[in-house]
Amino acid sequence: MTDTLTQTASYTDRHGAAHALPDAAGDAQVRADDRAHVFHSWSAQALIDPLPVATGEGSTFWDYQGNAYLDFSSQLVNLNLGHQHPDLVAAIQQQAGRLATIQPSMASDVRGELARRIAEVAPGDLDKVFFTNGGADANEYAVRMARQVTGRRKVLSMYRSYHGSTATAISLTGDPRRWANEPSDGSVAHFFGPYEYRSAWGSTSPEEETARALAHLEQVIVLEGASTIAAIIIETVVGTNGVLVPPPGYLQGVRELADRYGIVYIADEVMVGFGRIGEWFAVNHFGVTPDLITFAKGVNSGYVPLGGVVISQRIAAHFDTVAFPGGLTYSGHPLACAAGVATFEVFERDGILERVRDLGERVVAPRLAELQAKHPSVGDVRGLGLFWAIELVKDRETREPLVPFNASGAAAAPMAAFAAACKQNGVSPFVHFNRTHVAPPLVITEDELVRGLDVIDEALTVADGYTV
């Protein structure tokens, strides 16, 4: 049995120093203010009870009662360097003491350095960076660039995808969060991406899935009118909608189709960029060079909001003598960029990419394979680096999901019970539909990672109780 939540009046940081937690009485005030005045995203306001969080350090955060939680979702898969990383905090403090902000039309040393560092690790000739405030507006601006350069309007995106909640980004999104926001950008069409475990084409091998998925995409291109399509946008590894790793050759095939039909290929790396699978950009793992890469989250672990678009020379050159029609007051904010530069320094000094690949291959992959063999509720496991999905089913033979698609309320009870078991034993899980994802901070220790997987192992016995 794993340990249940630890009650403590203090916590010890990575340097061995003890720190007192805020008084537990503060919990009531936080809850009162939140419930009275904070309007939460993606929620029915009267049906939620947000957990007040007092502090965090590394891979752990604490509530006001002193309960410690291993953060197995890196919050929203953005806290790549963990809570309160001292180098990122110091970089923000130092930048604030020198130059807290400056408008984007002026040159900033820290903004320029971060752009250079990003360009140096991007593939091919993606050499320029347009900074945004986050991932949704990065995708908005990437689409705007593609439309300006091609003179076309339409964009293709996958059904199983999430690209943000602003106007075009939510239209690009393929999951149910789009439904209530329609109609929005009417120039978006969706297609099926590869998903070997639930193949839309009945494929029996990765190679067959690649061939059939590419044939389907080309048919969509032809039927939508290739001459009307500005861009194809794809999450290099589909994130919230399943950690769907593309089978061999798929992304290369997308690149070839984009070239053949004059379409801009946008790689959405908001979630998987900056080390999540053990590469600066996930496209580097697959050996493909898109025209545009969008990023956010891990570029500075969300310490100050930051996102952006990495731009190929061809697309950037279009705007050499034509003004780009867009901008943001906080584009390349110095405090955000300072944390981004510090992120590069930490990655390089501490060998973050190498340790992510090692932990993924040596610890996570074999352990999840054991869980799949052990638990009848586990239908499939998949992933790379420190980004994995465990797909839960009622019946392994039929592959019926443990809960229905987009389940809520009583229909989602089996996944709610699984999540509650994780939390009771000190792990904050990432649960979506019939899956739990393994996406801890990249700085997680091996002992913490093993302990978190032990908790998931135990919680899966709860899910097993709902199988047939």
Side-chain angles (χ1 to χ4, degrees), residues 2-3 5-6 11-17 19 53 55-63 67-89 237 239 243 271-280 282 297-303 339 342-343 345-371 381-390 419 422-423 425-431 436-459:
T2 56
D3 294 334
L5 293 177
T6 302
Y11 72 96
T12 302
D13 69 18
R14 71 185 74 196
H15 305 293
H19 300 269
V53 175
T55 191
E57 196 273 335
S59 297
T60 303
F61 63 88
W62 286 262
D63 66 18
N67 298 314
Y69 300 85
L70 265 179
D71 193 344
F72 249 49
S73 68
S74 299
Q75 293 300 290
L76 290 175
V77 195
N78 65 319
L79 208 63
N80 286 13
L81 291 182
H83 296 267
Q84 298 301 110
H85 194 289
D87 293 49
L88 272 63
V89 172
V237 176
V243 188
M271 191 169 281
V272 294
F274 296 95
R276 179 50 57 183
I277 70 163
E279 298 284 351
W280 284 111
K297 294 184 183 283
V299 66
N300 66 0
S301 294
Y303 279 40
T343 294
E345 294 170 349
V346 171
F347 268 59
E348 293 162 357
R349 182 193 69 209
D350 296 346
I352 297 295
L353 299 181
E354 294 78 9
R355 80 181 306 275
V356 168
R357 291 194 293 267
D358 172 61
L359 290 173
E361 294 168 6
R362 184 173 55 82
V363 178
V364 182
R367 184 61 187 280
L368 294 192
E370 291 175 7
L371 298 185
V381 297
R382 51 187 179 263
L384 291 167
L386 288 177
F387 197 43
W388 293 78
I390 304 172
C422 289
K423 293 172 185 176
N425 285 293
V427 168
S428 178
F430 184 128
V431 173
T436 187
H437 295 184
V438 176
L442 310 185
V443 295
I444 193 170
T445 68
E446 185 169 336
D447 286 346
E448 289 173 329
L449 183 58
V450 170
R451 177 161 60 88
L453 293 172
D454 286 345
V455 170
I456 288 176
D457 186 357
E458 186 172 335

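Residue numbers start at 1 and run along the sequence shown.
The nearest pair of heavy atoms linking Arg367 to Asp457 is NH2-OD2, 3.1 Å. In terms of heavy-atom proximity, Met271 sits nearest to Gly239 at SD-CA, 3.7 Å. When all heavy atoms of Arg276 and Pro441 are compared, the closest pair comes out as NH2-CA, 4.5 Å. Considering every non-hydrogen atom in both Ala282 and Val272, the closest pair reads CB-CG2, 3.7 Å. Residues Tyr303 and His85 come closest through the heavy atom pair OH-N, 2.7 Å. Scanning both residues, Gly56 and His83, for their nearest heavy atoms gives C-CB, 3.4 Å.
Leu79 contributes atom CG, which lies 9.5 Å from atom CG of Leu442 (distance to the nearest 0.5 angstrom). Annotation: the span from Thr60 atom OG1 to Asn67 atom CG amounts to 12.5 Å, rounded to 0.5 Å. The CD atom of Glu446 sits 7.0 Å away from the CG atom of Asp358 when rounded to the nearest 0.5 Å. To the nearest 0.5 Å, atom CG of residue Asp71 and atom CD of residue Glu448 are 10.5 Å apart. In this structure, the separation between CD1 on Ile277 and CZ on Phe387 is 9.5 Å, given to the nearest 0.5 Å. If you take CD on Glu348 and CG on Leu353, they are separated by 9.0 Å, rounding to the nearest 0.5 Å.
Formation of a donor-acceptor pair under 3.5 Å by the Asp447 side chain with backbone atoms of Thr445 is not found in this model. A donor-acceptor contact shorter than 3.5 Å is absent between the side chain of Arg382 and the backbone of Trp388. Judged by distance alone, with hydrogens and angles left aside, the side-chain atoms of Ser428 form no donor-acceptor pair with the main-chain N or O of Phe72 at under 3.5 Å. Side chain of Ser73 to backbone of Pro429: no donor-acceptor contact under 3.5 angstrom is found. Judged by distance alone, the side chain of Thr436 and the main-chain N or O of Ile390 form no donor-acceptor pair under 3.5 Å. The closest donor-acceptor contact from the side chain of Ser301 to the backbone of Leu81 lies under 3.5 Å.
Under the 30°/60° scheme for interplanar angles, the aromatic rings of Tyr69 and Phe61 are found to lie parallel. The aromatic rings of Trp280 and Phe274 sit perpendicular to each other, their planes meeting at more than 60°, with 30° as the lower class boundary.
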Practice item. Check the pair Arg349, Asp87 against side chain to side chain contact (heavy atoms under 4.5 Å, CB included), reporting the backbone distance first and the verdict last. Key: CA-CA 11 Å; Arg349 182 193 69 209; Asp87 293 49; 2.8 Å; yes
Review point. Under the side chain to side chain contact (heavy atoms under 4.5 Å, CB included) criterion, do Lys297 and Ser74 qualify, and how do the steps go?
Key: CA-CA 10 Å; Lys297 294 184 183 283; Ser74 299; over 6 Å; no
Exercise for review: Using the side chain to side chain contact (heavy atoms under 4.5 Å, CB included) rule, take Val243 and Val237 through it: C-alpha gap first, then chi angles, then the decisive distance, then the call.
Suggested key: CA-CA 6 Å; Val243 188; Val237 176; 4.2 Å; yes
Practice item. Carefully, step by step, assess Leu449 and Leu386 under the rule side chain to side chain contact (heavy atoms under 4.5 Å, CB included). Key: CA-CA 10 Å; Leu449 183 58; Leu386 288 177; 4.2 Å; yes
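Counting heavy atoms from C-beta outward, Val363 and Val450 have side chains that approach closer than 4.5 Å.
Using a 4.0 Å cut-off between charged side-chain N and carboxylate O, Arg355 and Asp350 make no salt bridge.
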